[in-house]
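I have placed the structure first, in the form of structure tokens, so that the comments after it can refer back to it.
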Amino acid sequence: MNLAVPQQLSPHIVDGAALKQTLTEAGVTSIDALVEKYTAKRETQLIVEDRLSLVASGARLLDEAVAPKPHTPPEMNLTIDGESHDPAVITELDGRPLYSTPGIDSKGDPVLHSFTSPAGMFEHLANTPWEPHASFPSNSDRAAGDIGTTNPDSLPALSYYFENAYKGGDWLQNGPGRAWRDLRRVPRGIFHLGDWNDIISSVDWCRWDISLYEHPGYQPTASQLFLRAGRTYYYLAEFGWSDKASSTVNWGQRF
């Protein structure tokens, strides 16, 4: 858990001892060290999002493709290419990217639909029209499930990502039709000494569909979590996606 204040205006209170410890762990023990570290990080930081037109060519923005990360079993029912499986089976696909989106099955239970190709996921989305829900069930031990709205146009066009579950800790916004290409380069925390790579644990509701990618650059060889508009995603661990995203897209539309 990061104890630094959010990078934007925040009601969080900063504990002095915790702040000193955070700076010490970052190698900052003097004002000169702070200035030097801050200046060095600023040279490589991303402070402006990509336009959506760059997402399709995202893999070419990096030096090389990266192998998929190991999959984490979801805390809910699982389908892979339309077939039901025990959640633990997902680890048998380590080394292969998966393209996933959460939903509700015919029994009203939460389910993670995973596919071995992007085409499979988008075909599923096309054949499963968006349906408004006021609330969403949870199979985990968390306090409450997600909430939704029957009118997604009433929601903010900006998407908001949070360091901790239930919108806790630092937060980062993502504009409609915009994308964060490389969260390793997006500053986080007081003095911006941290970054947003492998940090996001919850997502607030948004007017538009959102994608989280496990690697920078929206790579087609990276696993993707597609989050439909109109609901909260307060507990990404439930989908096996806590602290896993390295690039994000706010599509600025609903598919």
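Start at 1 with the first residue, then count along the sequence. What you see below is based on every heavy atom in this structure, not just the backbone, and it leaves out hydrogens, waters and symmetry mates.
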Atom pairs and distances, side-chain donor-acceptor, residues 99-106, under 3.5 Å, sequence neighbours left out:
{"residue": "Tyr99", "atom": "OH", "partner": "Pro220", "partner atom": "O", "Å": "2.5"}
{"residue": "Ser100", "atom": "OG", "partner": "Ser114", "partner atom": "OG", "Å": "2.7"}
{"residue": "Thr101", "atom": "OG1", "partner": "Phe226", "partner atom": "O", "Å": "2.9"}
{"residue": "Asp105", "atom": "OD1", "partner": "Lys107", "partner atom": "N", "Å": "2.9"}
{"residue": "Asp105", "atom": "OD1", "partner": "Gly108", "partner atom": "N", "Å": "3.1"}
{"residue": "Asp105", "atom": "OD1", "partner": "Asp109", "partner atom": "N", "Å": "2.8"}
{"residue": "Asp105", "atom": "OD2", "partner": "Asn77", "partner atom": "ND2", "Å": "3.4"}

For residues 83-92, tabulate all N or O donor-acceptor pairs below 3.5 Å that involve a side-chain atom, not counting sequence neighbours.
{"residue": "Asp86", "atom": "OD1", "partner": "Ala88", "partner atom": "N", "Å": "2.9"}
{"residue": "Thr91", "atom": "OG1", "partner": "Ala88", "partner atom": "O", "Å": "2.9"}

Item to check | Chi angles and distances behind the side chain to side chain contact (heavy atoms under 4.5 Å, CB included) call for Tyr213, Val249 | outcome: CA-CA 8 Å; Tyr213 296 83; Val249 178; 3.7 Å; yes
Checklist entry - Step by step, would you call Leu212 with Tyr161 a side chain to side chain contact (heavy atoms under 4.5 Å, CB included)? => result CA-CA 10 Å; Leu212 306 181; Tyr161 313 120; 4.1 Å; yes
Next on the checklist: Evaluate Asp146 against Tyr235 for side chain to side chain contact (heavy atoms under 4.5 Å, CB included), listing each step before the verdict.
Outcome noted: CA-CA 8 Å; Asp146 291 305; Tyr235 194 65; 5.8 Å; no
Next on the checklist: Run the side chain to side chain contact (heavy atoms under 4.5 Å, CB included) test on Glu214 and Gln224 for me, step by step, so that the C-alpha distance in whole Å, both residues' side-chain angles and the decisive distance to 0.1 Å come before the verdict.
Outcome noted: CA-CA 6 Å; Glu214 68 170 350; Gln224 177 188 164; over 6 Å; no
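Looking only at atom types and distance, the side chain of Ser201 has no donor-acceptor partner in the side chain of Asn164 under 3.5 Å away. For the residue pair Trp208 / Ser159, no side-chain donor-acceptor distance below 3.5 Å is found, with atom types taken as modelled.
Considering every non-hydrogen atom in both Pro97 and Ser223, the closest pair reads CA-OG, 3.4 Å. The shortest heavy-atom contact between Gln173 and Glu49 is O-OE2, 3.9 Å. Of all heavy-atom pairs spanning Asp198 and Ser246, the tightest one is OD1-OG, 3.6 Å. Nearest heavy-atom pair across Leu158 and Gly175 is CD2-CA, 3.4 Å. When all heavy atoms are compared, the tightest approach of Ser202 to Gly168 is OG-N, 4.5 Å. Of all heavy-atom pairs spanning Pro152 and Gly230, the tightest one is CB-CA, 4.1 Å.
Ser247 places a side-chain N or O within 3.5 Å of a backbone atom of His215 that can act as its donor or acceptor partner.
Around CD of Glu123, the count of heavy atoms belonging to other residues, nucleotides or ligands within 6.0 Å does not exceed 12.
For the pair Pro216/Leu183, no side-chain contact is recorded, criterion being any heavy-atom separation below 4.5 Å from C-beta on. Contact check for Leu225 versus Ser211: no side-chain heavy atoms found under the 4.5 Å cut-off. Trp180 places none of its side-chain heavy atoms less than 4.5 Å from the side chain of Arg185. Side-chain contact between Tyr233 and Phe239 is present, with at least one heavy-atom pair separated by less than 4.5 Å.
Applying the salt bridge (charged side-chain N to carboxylate O under 4.0 Å, His left out) test to every pair with at least one member in residues 200-213, sequence neighbours left out, gives these pairs: Lys167-Asp204. Here salt bridge (charged side-chain N to carboxylate O under 4.0 Å, His left out) pairs that include residues 242-255, with residues two or more places apart or in two chains, are Asp153-Arg254.
Remark: His124 engages His113, Phe115 in a ring pair (Phe, Tyr, Trp, His ring centres under 6.0 Å) (not counting sequence neighbours). Evaluation of the side chain to side chain contact (heavy atoms under 4.5 Å, CB included) rule for Ile199 yields Glu163, Arg188, Trp196 as partners, not counting sequence neighbours.
Linking Ile, Leu, Val, Met, Phe, Trp and Tyr whenever their side-chain heavy atoms come within less than 4.5 Å puts Ile210 and Ile200 in one cluster. Leu98 and Val111 are members of different hydrophobic clusters when ILVMFWY side chains are connected at heavy-atom separations under 4.5 Å.
Rounding to the nearest 0.5 angstrom, the gap separating the OG1 atom in Thr232 from the OH atom in Tyr160 is 15.5 Å. If you take CG on Leu236 and CD on Glu238, they are separated by 9.5 Å, rounding to the nearest 0.5 Å. Arg178 contributes atom CZ, which lies 10.5 Å from atom CG of Asn250 (distance to the nearest 0.5 angstrom).
Exactly one residue among Leu227, Asn174, Leu172 makes a side chain to side chain contact (heavy atoms under 4.5 Å, CB included) with Thr248. That residue is Asn174.
The aromatic rings of Phe162 and Trp171 sit tilted relative to each other, their planes meeting at an angle between 30° and 60°.
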